[in-house]
Each structure stands twice: as C-alpha cells, then as structure tokens.
Amino acid sequence: MSKTADVVHEIYDRLMSAYGRQGWWPGDSDTETVVGAILTQNTAWTNVERALANLRKASAVDWAVLRDLSDAKIAEMIRPAGTFRVKTLRLRAFVSTLWSQHAGSLGNMLSGDLAEVRNRLLAIHGIGPETADAILVYAGHRPSFVVDAYTRRVLRRHGLVTPDESRSYEIVQRVFHRSLEPDAEMFNEYHALLVKVAKRHCRNRATCAGCPLVELPHDESL
DNA sequence: TGCCAGGCCGGGT
DNA sequence: ACCCGGCATGGC
C-alpha cells in the first residue's frame, strides 16, 4: 500500500465526513447531464441552469429535438451559459456523432470498453478530457476520474503531485486511478467533494481556516 | 470595476 | 510538448 493511496483515501474520508454526499445530477436524465457537462465548460453553474431551463421549456433536452433544431434556436436558448456560439457548435457535434454512430442512443454510445468509449468522446469536437470524463462518470456511470483546476490544486497542495505534474491531466488522473477502486459512484462523489472544498477554502489564504483538509500535511503556498 | 466560472480549440513556439 | 488568445454571460 503506497503512501499516496493512503492520502487519497484520507482526503475522501475527510471530505465525505465534513460535507456528506453531494449527489451531483441525481434526478436529471443522462441526456440533461451531457448537455450540462458541455454547457458548464468554463462557466458558472448558475448560468448553466438558466440555459437548461430554456431548453427544458422547449422540450429540447432530447437528442431528436436537438438534432432538428437550428443553430440559431439553440444559441438563443443557451445564451445565458456564455460562449453560446461555440457551445452551439459543440452540442451540434455531439448530437451529430450520437446519431451517425450510435443511432441516437446515449446508452449505446457510453457502453463497451471504457478506453474506447472515452477515445470516441474525445474525438468529438468540443469534448476535451474533463468533459469526456464528466460525461462518463455522471451520465454513463463509468469510473473515469474527473480532473479540473480544483483537483489539481488539492493534489498539489497536499504533495501528491509536483506543481509541474499537476499541469498534466494524465498524471493527475492516474493518481486517483492507481489509488482507488474503479467505482463510478465514488468517483462521482469524490470529484464533487473536491469542487466543494476548493470553492469554500481555496479562494485565498484567509479562507484556509476550517478546511477539513487543513490538518493533513500541506503547503499553503501552493 | 474587473475578474472569474465544474474548458476547449487553433495557432504559434 | 507547452503556451496563449478567444469565446461571452451573469455574480461578486
């Protein structure tokens, strides 16, 4: 048992004890989860919710409906999410691939060999590593750890990766994959908990106090 | 008021 | 292999 794995487990246990289950995207359809994953790229979640509300009102959280909607209509509805022209094209690319390669079935698209499914997602214009993993975990219920800026920061701060290593998505993800059992439900919670703790405590030095991880060995300068 | 949010792409080094 | 500018709304 490596020391790294112990710390990775310890962090999870502490965050879960402090905050409990986050239950990200619990009642939403997998379809809405995918749309949300694309809309939330570099965007505050409150803005994504407005966009999703517009789509719901138009019954557009549906692959066939989205397929038949014009770019202009989609752009208008998702406008509150920001970068809406770009995201319209990204949704279009996803819908297009879903129909051309998977008969419009998300379940079909997300089943099969995990590495292959992930590579297929990455091949879609606008789906990068984080969005692909978010789709896999939160919509596909597959164990592929989501790495974001918060994740990198926590690993860095607690000495699980060097600042240099923390820039590599691959390296950061590997820390989790080598330390944890491949459990989609746990990966779901772990990522959500990291976002939670970082938002509360990592904004600046002053908010560090009270962090559930403050008693673990760490370097505040990171 | 500026900076940032649950990134990604394309072009340049 | 990295680094950077662009994308754009709403909240603090």
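A note on names: the letters A, B, ... follow the listed sequences, proteins ahead of strands, and every chain is numbered from 1.
When each of C:dG10, B:dC8, B:dG6 is scored by its nearest atom to the side-chain atoms of A:Q41, the top-ranked nucleotide is B:dC8. Nearest to the side chain of A:V86, among C:dC7, C:dG11, B:dG6, sits C:dC7. Ranking C:dA8, B:dG6, C:dG11 by closeness to the A:V195 side chain, first place goes to B:dG6. The side chain of A:E130 lies closest to B:dG7 when the candidates are B:dG7, B:dA5, C:dG11. You'll find that the side chain of A:F84 is closest to C:dT9, out of C:dC3, B:dG7, C:dT9. Here C:dT9 is the nucleotide among C:dT9, B:dG6, C:dC7 with the atom lying nearest to any side-chain atom of A:N47.
At a threshold of 4.0 Å, the pair A:E10-A:K3 does not count as salt-bridged, since none of the basic side-chain nitrogens sits closer than that to a carboxylate oxygen. Ion pairing between a basic and an acidic side chain is recognised when a charged N comes within 4.0 Å of a carboxylate O; A:R118 and A:D133 show such pairing. Classification of A:E32 and A:R56 as a salt-bridged pair holds, one side-chain N sitting under 4.0 Å from a carboxylate O.
Note: CG (A:L39) to P (C:dA8) measures 13 Å, nearest angstrom. Straight-line distance from the CZ atom of A:F94 to the P atom of B:dG7: 18 Å, rounded to whole Å. Rounded to an integer number of Å, the gap from CG of A:L89 to P of B:dG7 is 19 Å. A:E189 places its CD atom 15 Å from the C1' atom of B:dG6, with the value rounded to the nearest Å. Taking atom CD1 of A:I124 as the reference point, atom C1' of B:dG7 lies 16 Å away to the nearest angstrom. To the nearest angstrom, C1' of B:dG6 lies 6 Å from NZ of A:K199. Following rounding to the nearest Å, A:I38 (CD1) and C:dC7 (P) show an atom-to-atom distance of 20 Å. Taking atom CG of A:L91 as the reference point, atom P of B:dC9 lies 14 Å away to the nearest angstrom.
Nucleic acid contact for A:R90: base, since at least one base atom lies under 4.0 Å from a heavy atom of the residue. Among the protein residues, A:H125 comes within range of the sugar-phosphate backbone only, with heavy atoms under 4.0 Å from sugar or phosphate atoms but none that close to a base.
Ring orientation note: the planes of A:F187 and A:H177 are close to parallel, at an angle under 30° on the 30°/60° scale.
Side-chain contact annotation: A:S166 with A:R152, donor-acceptor N/O pair under 3.5 Å absent. For the residue pair A:D30 / A:H141, a side-chain donor-acceptor distance below 3.5 Å is found, with atom types taken as modelled.
For the OP1/OP2 pair of B:dG6 and a distance below 4.0 Å, the side-chain nitrogens and oxygens of A:T43 include no atom meeting the criterion. The shortest distance between the side-chain N/O atoms of A:K87 and the OP1/OP2 oxygens of C:dC7 is not below 4.0 Å. The phosphate of B:dC8 has neither OP1 nor OP2 within less than 4.0 Å of any side-chain N or O from A:R85.
With the nearest nucleotide of DNA chain C identified for both A:R167 and A:R50, A:R167 has the one nearer the 5' end. Both A:H191 and A:I127 lie near DNA chain B, and the one whose nearest nucleotide falls closer to the 5' end is A:H191.
For B:dC4, the paired nucleotide is C:dG10, the pair qualifying as Watson-Crick or G-U wobble because both relevant distances are below 3.5 Å.
Spacing between B:dG6 and C:dC12 at atom P, rounded to whole Å, works out to 13 Å. The separation of C:dG5 from B:dC4, taken at their P atoms, amounts to 14 Å, rounded to a whole angstrom.
Once the 5.5 Å centre distance and the 30° plane angle are applied, the aromatic ring of A:W24 is found stacked with the base of B:dG6. Judged by ring centres under 5.5 Å apart and planes tilted less than 30 degrees, A:W45 stacks against the six-membered base ring of B:dG6.
A donor and an acceptor atom never sit less than 3.5 Å apart when one is taken from the side chain of A:D148 and the other from the base of B:dG6.
Put simply, the side chain of A:T40 never gets that close to the backbone of A:A37: no donor and acceptor are under 3.5 Å apart.
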